[in-house]
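Working notes for the structure below.
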Amino acid sequence: MSPSYKSVAQSETATDQESATMASSSRRMRRRFDAKQAKTGLVAAWIVFFVAVIIGGVIISQSVRSANEGGTETSSSVQASGTKAPSVFTPPPTQKPKSIHHDDTKEMKNAHKDDSGTRSEPTPRPTAAVQPPEDDSTTAQQQDTSEPTTRATCGEAHECISDRLGQNEALRPGQAICSRDGRYMFGMDSGSLIWKDCTTGETKRYYRKGDSGDYFIMDETAKFAIYGEDGQVKWERNCKATVTKYEKCLSKPEYDCPYLHLHKGGVVVLNYIDGWDWISKNIKKMYDF
């Protein structure tokens, strides 16, 4: 082989080796580039995923808030339109009203009627007119044990202090509550607690064993009692109902409940508050007279 041919062959061999080396290096670089691209793509995919999750959460939160605001607006619209919206039942208040300011001056229009028949007892609301209890004059006439002493008005024989008697207010000897027309009285007479029609003389005695100095008091539980001059209890009668004190139940004139009221029909009525109800009943039904 000539030197020139040998040199050419060596040169070609070197070129082939260099080409192979360059090809191998190019393949390695390509693989590295592909791996880097794949890694970058994976990171980008994770970033996109997390961003999508955050955006989705924000959108859902706004949707929920909008729905809640829409419900509130709907409820307000329902209230404004006067339509009753469904709600959870709330029980009525159990506490008593602060003031009733009942006016009993228009009661007892039918007080002259006899109540010997059976009827249901009314329990009206405090702000409404109380249904009148009925007269016990028939019973008083049947149980009259005294001689009639006809008088024009009760004020001629007794000290009429009012037509009402408040709790713990004493009826002293000779004192009474009288109907406005002066015909009927309820009070103390010679040591006895009596009801009387001063025009006809009809009399009913609730207590008759007293002394001339005895006096009558009804307490805040509506219990009747007769006290002697020494302040000792000589007779008492409990009310059949459970009665408690209620301040300023009547505004004009001002009285605390319970209190007694003698109407012009002759009926002595016990007035008191039971829960939310104004109760007005004939005393003969409340004390078994």
Assess whether side chain to side chain contact (heavy atoms under 4.5 Å, CB included) is satisfied between L270 and C239, documenting all intermediate values. CA-CA 10 Å; L270 174 67; C239 181; 3.8 Å; yes
Side chain to side chain contact (heavy atoms under 4.5 Å, CB included) between L260 and V269, intermediate numbers included: CA-CA 6 Å; L260 297 176; V269 173; over 6 Å; no
Starting from the C-alpha separation in whole Å, work towards a yes-or-no answer on side chain to side chain contact (heavy atoms under 4.5 Å, CB included) for I217 and N168. CA-CA 6 Å; I217 288 180; N168 296 317; 4.1 Å; yes
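Y215 carries R172 over the face of its six-membered ring, with the cationic atom under 6.0 Å from the centre and within 45° of the normal.
Electrostatic pairing of D181 and K264 does not count as a salt bridge here, judged by no charged N lying under 4.0 Å from a carboxylate O.
Counting only distance, with no hydrogens or angles, the side chain of K240 and the backbone of K285 share a donor-acceptor pair below 3.5 Å. A distance-only check finds a donor-acceptor pair linking the side chain of D197 to the backbone of T199 [under 3.5 Å]. Between the side chain of D256 and the backbone N or O of K248 there is at least one donor-acceptor pair closer than 3.5 Å. Looking at E220, its side chain never comes within 3.5 Å of a backbone N or O of P258 through a donor-acceptor pair. Within the 3.5 Å criterion, the main-chain N or O of G201 finds a donor-acceptor partner in the side chain of T203. Here the side chain of S179 pairs no donor or acceptor atom with the backbone of G266 at under 3.5 angstrom.
Heavy-atom minimum distance, C178 versus C154: SG-CB, 4.1 Å. Considering every non-hydrogen atom in both G182 and C198, the closest pair reads O-CB, 4.4 Å. In terms of heavy atoms, I177 sits closest to L171 at N-CD2, 4.3 Å. The minimum heavy-atom distance between M286 and A241, with the atom names listed, is CE-CB, 3.5 Å. A170 and Q175 make their closest contact through O-OE1, 3.6 Å (heavy atoms, listed as atom of the first residue, atom of the second, distance). Y287 approaches N238 most closely through the heavy-atom pair CD2-O, 3.6 Å.
To the nearest 0.5 Å, atoms SG (C257) and CD1 (I273) are separated by 4.5 Å. Note that the CE atom of M185 and the CG atom of D163 stand 14.0 Å from one another [nearest 0.5 Å]. Distance OH/Y272 to OH/Y259: 13.5 Å, rounded to 0.5 Å. The OG atom of S190 sits 13.0 Å away from the CZ atom of R208 when rounded to the nearest 0.5 Å. Within the model, atoms NZ of K196 and NE2 of H158 stand 5.5 Å from one another, a figure rounded to the nearest 0.5 Å. For the atom pair CD1 (I194) and CE (M188), the distance works out to 9.0 Å, reported to the nearest 0.5 Å.
Using the six-membered ring where Trp is involved, F224 and F216 have ring planes that are perpendicular, over 60° apart on the 30 and 60° scheme. Taking the six-membered ring where tryptophan is involved, the planes of H261 and H263 are tilted, since the angle between them lies from 30° to 60°.
You'll find the side chain of I161 reaches within 4.5 Å of the side chain of E169, heavy atoms only. Between R205 and Y207, the closest side-chain pair of non-hydrogen atoms is not below 4.5 Å. Contact of the L262 side chain with the V267 side chain is not registered, since no non-hydrogen atoms from C-beta on lie closer than 4.5 Å. Looking only at side-chain heavy atoms (C-beta outward), Q167 and T221 stay at 4.5 Å or farther from each other.
A continuous path of Ile, Leu, Val, Met, Phe, Trp and Tyr side chains, each step under 4.5 Å between heavy atoms, connects I47 with I55, placing both in one hydrophobic cluster. W46 and I54 are assigned to two separate hydrophobic clusters, defined by single-linkage of ILVMFWY side chains at heavy-atom distances under 4.5 Å. Following chains of ILVMFWY side-chain contacts shorter than 4.5 Å, one can reach F49 starting from L42, so the two form part of one hydrophobic cluster.
The hydrophobic cluster analysis finds V48 isolated: no Ile, Leu, Val, Met, Phe, Trp or Tyr side chain comes under 4.5 Å of it, directly or through other members.
Taking the six-membered ring for Trp, F186 and W195 have ring centres at least 6.0 Å apart.
Inspection of the D189 and S192 side chains reveals no N or O donor paired with an N or O acceptor under 3.5 Å.
The salt bridge (charged side-chain N to carboxylate O under 4.0 Å, His left out) contacts involving residues 226-238 comprise D211-K234, D214-K234, K223-E236, where partners must be two or more places apart or lie in separate chains.
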